[in-house]
Colleague: 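Below is a structure I'd like to ask you about.
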Amino acid sequence: MPDHRLPRIAIATGDPAGIGPEVSLKAALDPAVRAICRPIVVGDADAVRKHADAATIAAQLHVISDVGEARWSDGAVELLTAPFGESVGLEFGVNDPAYGRATLASAARAIAAARAGEVDAVVAAPHNQTSIAAAGIAFDGYPSFVARETGMNHHDVFLMLCFGGMRIVHCTLHVGVAQALGLITRERVARTIRAADAALRRIGIAAPQLCVSGLNPHAGEGGLFGREEIDVIAPAIADARADGVAVEGPFGADTMLQRKDVDAFVVMLHDQGHIAAKLLAFNQSAAFAIGSPILFSSVAHGSAFDIAGKGIASPTAMIEAITRLSAAKQVTA
């Protein structure tokens, strides 16, 4: 019999042409995952079956249209349907606007279930930016999508990469560097710091300690290499301190991450955090969307079109995300 005390985790299957459905199934079948939560895969049933067949995954699917129908028993994988909504075949490893729409349909269905209290948290498999763009959908990553789906301003949800004991929060994410520079304002940096502090408290860290990076080399070297640290980032840190946040900085982004006495690091640009994550924990990082009313994580790797349908994709990052979400839910319950 299922343990109804375990959190219900919705697993959105991501781009159906990539490895998302495969790693979603593998994670939902993993004994360690089943020991800590009640997983429910969310996606197109035909696409999931095709991945299971191609990857020779022996999975009995219990296809449902409502979370209330889930049994979490007899070894079956609960599959909440989020169909393509259009007649289209599935070809592995190719871009298609239908696949972009399917990616966000599965995520939206899972988020709606979380908002309704039908599931306790959501983890999303990787998307493919090109297919989403081909569908004509404005999308710059899961955090802003979660914001829109939960009725929030898209500027108020941020990405936090988690691996091992490391947590890295991004002030800007999937935008060009020139555009990112314009987004790094005193107000946005302060919002990022506050969101990081609140997220850490939500997962059980009572008195979080934060560090904030600079934007320029050596955090501007006292203004020699730019004034953003003096004019923008330091005042934002002061604003957050005035709100009771324990935060230091700005520090050079190249050396800051070596510190061991910090619960989370706030960085200004995508690559300041992602390079470290992919160097130290390649395909093993969880990517939390913080600042929203729901618990949501994705994985910090791509849709891997080159290995889609081959059965060799690793679910390690997906399992890591589920494990962290389950632990966070236990704290907040």
Colleague: Do any N or O atoms from the side chain of Ser131 and from the backbone of Asp96 form a donor-acceptor pair under 3.5 angstrom?
Modeller: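 Here the side-chain-to-backbone pair exists.
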Colleague: Kindly check if the number of other-residue, nucleotide or ligand heavy atoms within 6.0 Å of CD (Glu91) is above 12?
Modeller: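 No, CD of Glu91 has 12 or fewer neighbouring heavy atoms, counting only those of other groups under 6.0 Å.
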Colleague: Does Ser24 use its side chain to pair, donor to acceptor, with the backbone of Ile11 at less than 3.5 Å?
Modeller: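 No; judged by distance alone, with no hydrogens or angles, the pair does not exist.
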Colleague: Would you find a donor on one side and an acceptor on the other, under 3.5 Å apart, between the side chain of Arg148 and the backbone of His154?
Modeller: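 Between the backbone of His154 and the side chain of Arg148 there is no qualifying donor-acceptor contact (under 3.5 Å).
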Colleague: Just wondering, do Met318 and Lys26 contact through their side chains at under 4.5 Å, heavy atoms?
Modeller: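 With C-beta onward as the side chain, the pair stays apart.
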Colleague: Is it true that Glu187 and Arg191 have a side-chain N and a carboxylate O under 4.0 angstrom from each other?
Modeller: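 The answer is no: the pair does not qualify as a salt bridge.
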Colleague: Taking the side chain as every heavy atom from C-beta outward, state whether His170 and His274 have any atom pair closer than 4.5 Å.
Modeller: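 A side-chain contact exists here, since the closest heavy-atom pair is under 4.5 Å.
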Colleague: Passes side chain to side chain donor-acceptor pair (under 3.5 Å), Thr130 versus Asn95? Steps please.
Modeller: CA-CA 7 Å; Thr130 301; Asn95 291 114; 4.5 Å; no
Colleague: Taking 4.0 angstrom as the limit, do Asp46 and Arg49 come out as a salt bridge?
Modeller: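 Here Asp46 pairs with Arg49 in a salt bridge, since their nearest N and O are under 4.0 Å apart.
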Colleague: Side-chain heavy atoms under 4.5 angstrom apart, residues restricted to Ile, Leu, Val, Met, Phe, Trp, Tyr: same cluster for Ile290 and Val266?
Modeller: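 In one cluster: yes.
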Colleague: Tell me whether Lys310 contacts the main-chain N or O of Ala55 through its side chain, where contact means a donor paired with an acceptor under 3.5 Å.
Modeller: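 No: the side chain of Lys310 does not pair with the backbone of Ala55.
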Colleague: I'd like to know if the side chain of Asn216 and the backbone of Ala219 have a donor-acceptor N/O pair within less than 3.5 Å.
Modeller: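 Such a contact is absent between Asn216 side chain and Ala219 backbone.
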Colleague: Is there a side-chain contact between Ile275 and His270, using heavy atoms and a 4.5 Å cut-off?
Modeller: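 With C-beta onward as the side chain, the pair stays apart.
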Colleague: Just by distance, do the side chain of Glu320 and the backbone of Phe163 share a donor-acceptor pair under 3.5 Å?
Modeller: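 Flag not set: sc Glu320 to bb Phe163 has no pair under 3.5 Å.
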Colleague: Check the pair Leu173 / Asp140 against side chain to side chain contact (heavy atoms under 4.5 Å, CB included), numbers first and verdict last.
Modeller: CA-CA 8 Å; Leu173 195 56; Asp140 61 1; over 6 Å; no
Colleague: Quick one, Phe145 and Leu104 - any side-chain contact, counting heavy atoms below 4.5 Å?
Modeller: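 Touching, per the 4.5 Å side-chain cut-off.
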Colleague: For a salt bridge (Lys or Arg N to Asp or Glu O under 4.0 Å) check, start with the C-alpha distance between Asp30 and Arg34, then their side-chain angles and the critical distance, and finish with the verdict.
Modeller: CA-CA 6 Å; Asp30 187 87; Arg34 288 176 170 249; over 6 Å; no
Colleague: Would you find a donor on one side and an acceptor on the other, under 3.5 Å apart, between the side chain of Ser297 and the backbone of Ala287?
Modeller: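 Confirmed, Ser297 side chain pairs with Ala287 backbone.
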Colleague: Asp261 vs Gln209, test: side chain to side chain donor-acceptor pair (under 3.5 Å). Steps then yes/no.
Modeller: CA-CA 8 Å; Asp261 58 340; Gln209 301 292 314; over 6 Å; no
Colleague: Can you check whether Tyr142 and Phe296 have ring centres sitting under 6.0 Å from each other?
Modeller: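 Judged by ring-centre distance (under 6.0 Å), Tyr142 and Phe296 do meet the cut-off.
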Colleague: Check whether Arg38 reaches the backbone of Leu6 with its side chain - one donor and one acceptor, N or O, closer than 3.5 Å.
Modeller: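 A pair under 3.5 Å: yes.
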Colleague: Val232 and Leu269: same hydrophobic cluster, using ILVMFWY side-chain contacts below 4.5 Å?
Modeller: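 Yes.
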Colleague: Among the clusters formed by ILVMFWY side chains lying less than 4.5 Å apart, do Val123 and Leu161 turn up in the same one?
Modeller: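 In one cluster with Val123: Leu161, no.
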Colleague: Could you tell me the separation between the CD1 atom of Ile19 and the CD1 atom of Ile312, rounded to the nearest 0.5 Å?
Modeller: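 Separation between the atoms: 9.5 Å.
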Colleague: Check for a donor-acceptor pair, side chain of Arg8 on one end and backbone N or O of Ile40 on the other, with a separation under 3.5 Å.
Modeller: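 Absent.
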Colleague: Given side chains that start at C-beta, do those of His51 and Ile57 come closer than 4.5 Å, heavy atoms only?
Modeller: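 Heavy-atom side-chain distance check fails, nothing below 4.5 Å.
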Colleague: Please report the closest heavy-atom contact between Ala206 and Arg201, naming both atoms and the distance.
Modeller: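 Ala206 and Arg201 have their closest heavy atoms at O-NH1, 2.6 Å.
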Colleague: Would you indicate whether the side-chain heavy atoms of Ile184 and Thr172 approach each other to under 4.5 Å?
Modeller: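 The answer is yes, as the side chains (C-beta and beyond) meet within the 4.5 Å cut-off.
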Colleague: Can you confirm whether Leu295 sits close enough to Arg202 that some side-chain heavy atom of one is under 4.5 Å from a side-chain heavy atom of the other?
Modeller: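 Answer yes - side chains close enough.
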Colleague: Is Val245 reachable from Val169 through a run of hydrophobic residues whose side-chain heavy atoms are each under 4.5 Å from the next?
Modeller: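 Shared cluster, yes.
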Colleague: Do you reckon Val42 sits in the same ILVMFWY cluster as Val119, going by side-chain contacts under 4.5 Å, direct or chained?
Modeller: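 Same hydrophobic cluster.
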Colleague: Between the side chains of Glu78 and His62, is a donor N or O closer than 3.5 angstrom to an acceptor N or O?
Modeller: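 Yes, His62 and Glu78 have a side-chain donor paired with an acceptor closer than 3.5 Å.
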Colleague: Looking at side-chain heavy atoms only, is the closest gap between Arg115 and Ile294 below 4.5 Å?
Modeller: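 In contact.
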